[in-house]
Amino acid sequence: MTFTPWRSLGKKTGFTESSLAETLEGGQSFLWAKTASGSWLGTWGDNITELRIMSGSLEWRTPKQRTLERKEILRYLAIDSEYDAICNSLPWRSDPVLADAMKRFRGLRILRQPLSETLFCFLLSSVKSIPQIKDLCLKTAREFGEELVPGIHAIPTWERLAEVAEQDLRALKYGYRAKYVAATAARLAGEPDFLENCETMPYVEARSKLVELPGVGSKVADCALLFGGAKLEAFPVDTWIAKVMSDRYGMVGWSLDQIASFGRIHFGPYAGLAQQFLFSAVRAG
DNA sequence: CCGCAGCCTCCCCT
DNA sequence: AAGGGGAGGCTGC
């Protein structure tokens with residue numbers, strides 16, 4: 001596979017090796033992998049991109065048969081003029097736990113992934129570790145997804161997934177998640193505008209709409225909306241976040257929904273970004 | 001409204 | 001060496 005020449009996005013993106021790695025592989029997306037040369041190769045929707053940091057500057061290239069505009073990379077990676085202001089607006093001044101996490105992962109972003117594939121990946125995520133989720137996603141893409149370039153496949157559309165028998169998903173070791181995917185695919189195939197409508201709704205409405213889907217509870221809905229719907233006020237609470245909120249914020253015995261409500265209020269309109277900083281920090285130890 | 005077992009499979013542990 | 005317990009949740013009771 002031949003690639004375009006490397007192009008620079010500049011030194012001012014704020015990405016460091018650490019925050020780029022954490023952004024691409026820290027549990028937001030399951031479709032990136034580090035290459036032998038230390039760069040990152042990944043997909044979102046029909047897009048393929050390779051990223052690397054050279055002398056402090058973020059660089060990108062694509063396969064020649066599937067090129068992208070610079071602005072599409074900037075959009076996906078959420079590299080925009082608002083980032084610094086958003087970080088600054090988080091309550092780090094009065095929150096030393098958050099301040100420490102932000103310092104350790106300076107430059108960490110919330111990706112702008114397609115809602116459809118983000119929902120799919122998180123539907124597989126329950127009681128799975130990141131490597132296991134990646135494995136399921138890649139197997140599914142290879143089996144049922146469009147081949148974008150030789151050897152690299154997209155996550156299949158919900159329309160395509162609706163044609164797949166639950167039994168064939170079980171064969172890929174989905175376990176009990178197979179019936180969630182099959183049932184959600186059936187519903188979305190019958191309502192082609194469902195996800196598009198969710199994207200245009202305010203966060204609270206979109207969340208209650210998503211939770212109607214089989215296998216989608218508050219955590220999966222929040223992840224889909226934060227990482228795939230650019231709803232930055234979503235505050236997904238998984239076991240890691242529950243642990244940090246219990247250990248560091250004294251919220252011992254709080255329910256997951258209570259923690260989520262607290263998070264949205266305490267961290268504000270960009271609570272999801274705060275969540276990602278905390279998540280990275282607690283996972284790193 | 002809350003709490004809890006069960007669900008698939010994998011992995012780690014004894 | 002085989003078997004128990006738990007893992008980045010959801011559902012139904």
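Chain letters run A, B, ... following the sequence lines, proteins first, then strands; residues in each count from 1. Since the model is a prediction, treat every value here as computed from it, not as a measurement.
- Under the 4.5 Å side-chain heavy-atom criterion for ILVMFWY residues, no single connected hydrophobic cluster contains both A:Leu51 and A:Leu108.
- The CD-C1' distance, from A:Glu212 to C:dT11, rounds to 16 Å in whole Å.
- Relative to the ring axis of A:Trp40, A:Arg52 does not place its NZ or CZ within 45° and under 6.0 Å from the centre.
- Nucleic acid contact class of A:Leu136 (heavy atoms, under 4.0 Å, all strands): none.
- Atom-to-atom, CG of A:Asp222 to P of C:dG9 comes out at 13 Å; the value is rounded to the nearest Å.
- The side-chain tip of A:Arg61 points at the ring of A:Phe3 from less than 6.0 angstrom away and within 45° of straight on.
- Linking Ile, Leu, Val, Met, Phe, Trp and Tyr residues whenever their side-chain heavy atoms come within less than 4.5 Å leaves A:Tyr174 and A:Leu138 in two separate clusters.
- Between the A:Arg177 side chain and the A:Ser126 main chain, a donor and an acceptor come within less than 3.5 Å of each other.
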Check your understanding: Could you go step by step and tell me if A:Trp44 and A:Ser29 meet the side chain to side chain contact (heavy atoms under 4.5 Å, CB included) rule?
Key -> CA-CA 9 Å; A:Trp44 70 98; A:Ser29 168; over 6 Å; no
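- One can place CG of A:Asp238 at 12 Å from P of C:dA7, the figure rounded to the nearest angstrom.
- Within the 3.5 Å criterion, the main-chain N or O of A:Gly151 finds a donor-acceptor partner in the side chain of A:Glu147.
- The P atoms of B:dC8 and C:dA2 are separated by 26 Å, rounded to the nearest whole Å.
- Rounded to an integer number of Å, the gap from NZ of A:Lys219 to P of C:dA7 is 14 Å.
- As rounded to the nearest Å, C:dA1 and B:dT9 have P atoms that lie 25 Å from one another.
- Residues from residues 163-185 of chain A that place a heavy atom under 4.0 Å from any atom of DNA chain B, listed by number: A:Arg170, A:Lys173, A:Gly175, A:Tyr176, A:Arg177.
- In this entry the distance linking CG of A:Leu256 with C1' of B:dC1 reads 15 Å, nearest Å.
- A cation-pi arrangement is not found for A:Arg187 relative to A:Phe194, the charged atom failing to lie both closer than 6.0 Å to the ring centre and inside a 45° cone about the ring normal.
- Residue A:Gly27 is classed as a base contact, given a heavy-atom separation below 4.0 Å to a base.
- Two different hydrophobic clusters hold A:Leu90 and A:Leu111 under the rule that ILVMFWY side chains link at heavy-atom gaps under 4.5 Å.
- Rounded to whole angstrom, the span from the CG atom of A:Leu119 across to the C1' atom of C:dC10 amounts to 14 Å.
- When the P atom of B:dC10 is taken as reference, atom NZ of A:Lys128 falls 6 Å away, rounded to whole Å.
- When each of A:Leu213 and A:Ser129 is assigned the nucleotide of DNA chain C with its nearest heavy atom, A:Ser129 is the one assigned upstream, toward the 5' end.
- The residue A:Val220 sits close only to the backbone: its heavy atoms come under 4.0 Å of sugar-phosphate atoms, none of a base.
- Contacts of A:Ser218 with the nucleic acid, taken as non-hydrogen atoms under 4.0 Å apart, involve only primed sugar atoms and P, OP1 or OP2.
- Regarding A:Lys139, its NZ atom lies at a distance of 12 Å from the C1' atom of B:dC8, rounded to whole Å.
- Spacing of P atoms, C:dG9 relative to B:dC1, comes out at 22 Å, to the nearest Å.
- Counting only Watson-Crick and G-U wobble pairs whose two key distances fall under 3.5 Å, DNA chain B forms stems of three or more stacked pairs at B:3-7 with C:9-13, B:9-14 with C:2-7.
- Dense packing is recorded around CZ of A:Arg7, with more than 12 heavy atoms of other residues, nucleotides or ligands lying under 6.0 Å away.
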